[in-house]
Amino acid sequence: MIRSVVRGFGAALPKRVMTNREMEGVVDTSDEWIVQRTGIRQRYIAGDGETTASLGEAAARAALANGGLTPDDIDVIICATSTPDNTFPATAVNIQSRLGMAHGFAFDVQAVCTGFVYAVTTADAYIRGGLAKRVLVIGAETFSRILDWNDRTTCVLFGDGAGAVVLEAAEGEGTTADRGVLTAHLRSDGSHKEKLYVDGGPSSTGTVGKLRMEGREVFKYAVGMITDVIQAAFDSTGTTSEDLDWLVPHQANRRIIDGSAKKLNIAPEKVVVTVDLHGNTSAASIPLALATAAGDGRIKKGDLVMLEAMGGGFTWGAVLLRW
């Protein structure tokens with residue numbers, strides 16, 4: 001059978017680092033408070049000339065270089081983002097142009113923090129369906145542009161960045177020993193919209209709007225939803241937490257990450273954590289964490305890796321793959 005195998009990975013971050021100490025001069029907060037409740041110590045903030053598309057392009061080029069590929073080798077670009085450069089065209093089309101790629105097609109996926117998981121699942125469907133041989137999957141965000149910098153409960157949480165992987169068609173035996181995507185499980189429940197949303201948009205207010213969140217409500221649902229899809233991935237493949245080499249979660253909050261891992265009996269040393277370095281970068285957080293852990297040699301060829309995320313909507317999902 002056809003599997004979608006990771007051929008290359010890459011990441012890109014803005015130039016500016018904003019520490020918790022610097023955040024103390026913006027809103028009434030403290031480094032101790034932020035670290036204790038979230039695990040975040042710093043985040044990157046996009047500056048002049050840095051946009052979702054420019055960060056996505058840089059991550060894409062890094063992933064192509066890592067895989068020994070060029071834009072000519074790519075059939076499809078899928079960009080997961082909630083902070084596009086323009087209402088339209090899609091940021092993926094913008095990145096396609098920046099890469100000098102005039103063939104194939106490109107489009108965006110919008111599932112907020114779960115966007116990269118949705119995008120990988122979509123790319124896998126294209127590859128297994130024979131519609132593409134190689135898909136460039138990007139998660140890119142500039143959430144700093146939609147934050148209310150007077151709201152200390154949200155502005156301390158988010159950062160900007162981008163990550164990317166190239167998925168490539170390869171033959172597998174149809175077992176869990178295959179490299180590539182083994183299973184994917186996606187969920188959503190729109191009844192939770194008011195708990196995490198942006199209070200604007202072209203059709204409603206004619207404005208970009210600002211991010212609004214009921215933090216305690218999101219936390220209340222997060223662990224249960226995340227463990228639900230991870231367990232579904234284990235059940236569908238006959239694997240367990242003991243078989244897992246790495247959990248690469250959405251980097252929203254250290255307490256959510258730790259709580260989910262504990263509930264699933266996943267050892268702490270198997271969990272990739274970058275929330276302290278990047279903050280919550282929404283759809284970019286998983287590919288940034290992947291690039292960090294694969295780049296430093298932790299994630300190796302043949303490792304069993306679980307990706308999971310939960311985002312506004314609510315949306316949530318998990319992908320189990322062998323690196």
Side-chain angles (χ1 to χ4, degrees), residues 9-63 65-66 79-86 91-92 94-95 98-99 112-113 115-116 138-164 198 208-213 250-254 272-296 311:
F9 60 87
L13 292 162
K15 296 182 180 67
R16 180 188 173 194
V17 178
M18 188 177 192
T19 64
N20 289 347
R21 292 298 182 193
E22 186 177 352
M23 190 67 76
E24 291 175 354
V26 176
V27 289
D28 182 15
T29 191
S30 69
D31 174 66
E32 182 183 12
W33 187 92
I34 298 170
V35 172
Q36 182 181 33
R37 285 164 176 77
T38 71
I40 298 168
R41 297 183 181 277
Q42 64 174 42
R43 72 286 295 149
Y44 289 77
I45 303 296
D48 293 342
E50 292 178 320
T51 69
T52 297
S54 70
L55 292 169
E57 176 198 0
R61 290 189 182 280
N66 178 259
C79 181
T81 187
S82 297
T83 51
D85 281 30
N86 303 95
T91 299
N94 189 337
I95 294 170
R98 288 168 173 264
L99 293 174
V112 201
C113 300
F116 186 76
I138 304 165
E141 302 282 16
T142 47
F143 255 57
S144 64
R145 305 263 160 84
I146 58 169
L147 296 178
D148 179 350
W149 286 93
N150 295 311
D151 180 3
R152 67 174 185 169
T153 65
T154 58
C155 71
V156 301
L157 302 177
F158 295 90
D160 304 330
V198 168
V208 173
K210 299 295 183 185
L211 183 146
R212 306 298 177 195
M213 180 172 71
H250 166 51
Q251 307 288 319
N253 183 301
R254 182 63 190 258
V272 175
V273 179
T274 58
V275 69
D276 55 325
L277 301 175
H278 303 144
N280 183 346
T281 56
S282 189
S285 77
I286 290 177
L288 274 171
L290 276 174
T292 299
D296 65 21

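Taking every heavy atom of both residues into account, Pro287 and Ala164 meet most closely at CB-N, 3.8 Å. Leu13 approaches Gly161 most closely through the heavy-atom pair CD2-CA, 4.2 Å. Pairing each heavy atom of Ala58 with each of Ala12, the nearest pair is CB-CB, 3.5 Å. In terms of heavy-atom proximity, Ala283 sits nearest to Val112 at CB-O, 3.6 Å. When every heavy atom of Ala289 is checked against every heavy atom of Val272, the shortest pair comes out as O-CG1, 3.8 Å. Across all their heavy atoms, Gly49 and Ser54 have their closest contact at O-OG, 3.8 Å.
A donor-acceptor pair under 3.5 Å is formed between the side chain of Asp160 and the backbone N or O of Phe143. Gln42 places no side-chain N or O within donor-acceptor distance of the main-chain N or O of Val17, the cut-off being under 3.5 Å. Gln251 places no side-chain N or O within donor-acceptor distance of the main-chain N or O of Ala284, the cut-off being under 3.5 Å. Panel note: side chain Glu50, backbone Leu55; no donor-acceptor pair is recorded below 3.5 Å. Checking side-chain atoms of Asp85 against main-chain N and O of Ala53 turns up a donor-acceptor pair under 3.5 Å. Counting only distance, with no hydrogens or angles, the side chain of Asn66 and the backbone of Phe9 share a donor-acceptor pair below 3.5 Å. Within the 3.5 Å criterion, the main-chain N or O of Asp31 finds no donor-acceptor partner in the side chain of Arg21. In this structure, the side chain of Ser30 engages the main chain of Trp33 through a donor-acceptor pair within 3.5 Å. Using modelled atom types, one side-chain atom of Asn20 and one backbone atom of Ile40 make a donor-acceptor pair closer than 3.5 Å. No donor-acceptor distance shorter than 3.5 angstrom exists from the side chain of Ser285 to the backbone of Thr281, with no hydrogens or angles considered.
Looking at Val208 and Arg145, their side chains never come closer than 4.5 Å, going by heavy atoms from C-beta outward. A heavy-atom distance below 4.5 Å is not found between the side chains of Thr38 and Val275. For the pair His278 and Thr292, the minimum side-chain heavy-atom distance is below 4.5 Å. Residues Met213 and Leu157 form a side-chain contact, since some pair of their non-hydrogen atoms from C-beta on lies under 4.5 Å apart.
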**OP:** Decide side chain to side chain contact (heavy atoms under 4.5 Å, CB included) for Lys210 and Asp151; before the verdict, give the C-alpha distance in whole Å, the side-chain angles of both, and the deciding distance to 0.1 Å.
**Re:** CA-CA 10 Å; Lys210 299 295 183 185; Asp151 180 3; over 6 Å; no

Original post:
Would Asn253 and Arg37 count as a side chain to side chain contact (heavy atoms under 4.5 Å, CB included) if you check the C-alpha gap in whole Å, the side-chain angles of each, and the deciding distance to 0.1 Å?
Top reply: CA-CA 8 Å; Asn253 183 301; Arg37 285 164 176 77; 5.7 Å; no

Subject >> Verdict with reasoning, Arg254 to Asp276, per side chain to side chain contact (heavy atoms under 4.5 Å, CB included) >> reply: CA-CA 8 Å; Arg254 182 63 190 258; Asp276 55 325; over 6 Å; no

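Atoms CD and SG, on Glu57 and Cys79 in that order, are 12.0 Å from each other to the nearest 0.5 Å. To the nearest 0.5 angstrom, Arg152 atom CZ is 6.5 Å from Thr29 atom OG1. Taking OG1 of Thr274 as the reference point, atom CG of Leu288 lies at 6.5 Å (rounded to 0.5 Å). With values rounded to the nearest 0.5 angstrom, Ile146 atom CD1 is found 7.0 Å from Ser82 atom OG. Annotation: the span from Trp149 atom CH2 to Ser144 atom OG amounts to 6.0 Å, rounded to 0.5 Å. Between the CZ atom in Arg212 and the CG atom in Leu147 there is a gap of 10.0 Å [rounded to 0.5 Å].
Atom CZ of Arg98 is surrounded by more than 12 heavy atoms from other residues, nucleotides or ligands within 6.0 Å. At most 12 heavy atoms of other shown residues, nucleotides or ligands fall within 6.0 angstrom of atom CZ in Arg41.
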